[in-house]
Asker: 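Take a look at the following structure, please.
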Amino acid sequence: LYAIAVMKLYVQHTVGYDEPPPLEEVMAFLSTWDKVPKEQLLDVFVRGHFAGVEEMKTNERLFNRVAPMGVNDIAMACQYKFFQAPKLDIPMTSFDGLMDNTIDPGNVAKWGEYTTGPYRNVPIVTGDHYFVSSHYQQVVSVVGAQLLQLLDGVKGAGVMDG
């Protein structure tokens with residue numbers, strides 16, 4: 001899902017909602033990223049909601065250090081091949097920044113398909129792609145409560161008896 005969303009940022013023409021992005025075109029763009037004008041690459045980073053883009057616009061040293069990592073991250077995601085594995089038998093929680101326009105609405109909730117255990121999706125109403133930084137208290141609160149609940153279950157099962 002991430003790779004599809006990211007690849008659509010790099011194609012040089014419109015890609016339909018259900019049309020797979022052309023991997024060869026994306027990889028060709030990424031392989032020559034260092035020849036792309038800085039402004040164009042920064043525009044792609046802006047559309048991809050990269051962190052630190054505003055700082056990279058004014059700090060050449062930061063741009064030169066971060067841009068290669070960003071491009072490599074994207075290339076890795078674009079080349080990722082999914083394989084179906086057995087579902088996990090564990091509780092699972094996903095967090096969904098509802099203002100994250102890099103991922104199609106509802107895609108985060110698909111994590112529930114990978115567990116036979118209880119699943120919970122936590123919408124972060126004002127969260128964007130980097131909501132963990134801005135909404136860390138809410139995330140920590142949810143994760144902490146779930147860990148305490150799991151710990152109580154382990155204690156109740158006698159697993160932690162000495």
Asker: Do you reckon L62 sits in the same ILVMFWY cluster as L41, going by side-chain contacts under 4.5 Å, direct or chained?
Answerer: yes

Asker: Is there a path of hydrophobic side-chain contacts, each under 4.5 Å between heavy atoms, that joins V132 and V140?
Answerer: no

Asker: Please check if V71 and L42 belong to a single hydrophobic cluster, counting links between Ile, Leu, Val, Met, Phe, Trp and Tyr side chain heavy atoms closer than 4.5 Å.
Answerer: yes

Asker: Please list, chain by chain and in numerical order, all residues satisfying side-chain hydrogen bond (donor to acceptor under 3.5 Å, both in side chains) with Q149, sequence neighbours excluded.
Answerer: none

Asker: Taking only residues two or more places apart in sequence, or in another chain, which ones meet W33 in a ring pair (Phe, Tyr, Trp, His ring centres under 6.0 Å)?
Answerer: none

Asker: Looking at OG of S134 and CG of D128, how far apart are the two atoms once the value is rounded to the nearest 0.5 Å?
Answerer: 5.5 Å

Asker: Does I90 reach the side chain of Y114, with side-chain heavy atoms less than 4.5 Å apart?
Answerer: no

Asker: Check the pair V122 / T93 against side chain to side chain contact (heavy atoms under 4.5 Å, CB included), numbers first and verdict last.
Answerer: CA-CA 7 Å; V122 179; T93 300; 3.8 Å; yes

Asker: Say you draw a straight line from OG1 of T126 to CZ of F131; how long is it, rounded to the nearest 0.5 Å?
Answerer: 10.5 Å

Asker: Apply side-chain hydrogen bond (donor to acceptor under 3.5 Å, both in side chains) to Q138 and list each qualifying residue two or more places apart in sequence or on a separate chain.
Answerer: none

Asker: So which atom in V108 and which in F95 form the shortest heavy-atom distance, rounded to 0.1 Å?
Answerer: CG1-O, 3.5 Å

Asker: Got a sec, which residues hit side-chain hydrogen bond (donor to acceptor under 3.5 Å, both in side chains) with K87, two or more places apart in sequence or on another chain?
Answerer: none

Asker: For a quick test of reading the model, state the closest non-hydrogen atom pair linking F63 to M56 and the distance between them.
Answerer: CB-O, 3.8 Å

Asker: What heavy-atom pair brings R65 and M69 nearest, and what distance separates the two atoms?
Answerer: O-CE, 3.2 Å

Asker: Do the side chains of V66 and V36 join up, straight or via other hydrophobic residues, at under 4.5 Å, putting them in one cluster?
Answerer: yes

Asker: For S94, check side-chain hydrogen bond (donor to acceptor under 3.5 Å, both in side chains) against everything at least two apart and list the hits.
Answerer: Y119, N121

Asker: Over all heavy atoms of both residues, which pair between P123 and L98 is shortest? Give the atoms and the distance, please.
Answerer: CB-CD1, 3.8 Å

Asker: Minimum heavy-atom separation for M99 and V125, please, with both atom names.
Answerer: CG-O, 3.5 Å

Asker: Whether the side chain of N59 engages the backbone of E55 through a donor-acceptor N/O pair (distance < 3.5 Å, no angle test) should be reported.
Answerer: no

Asker: Please, which pairs that meet salt bridge (Lys or Arg N to Asp or Glu O under 4.0 Å) have at least one residue in residues 30-43, sequence neighbours excluded?
Answerer: K38-E60, D43-R47

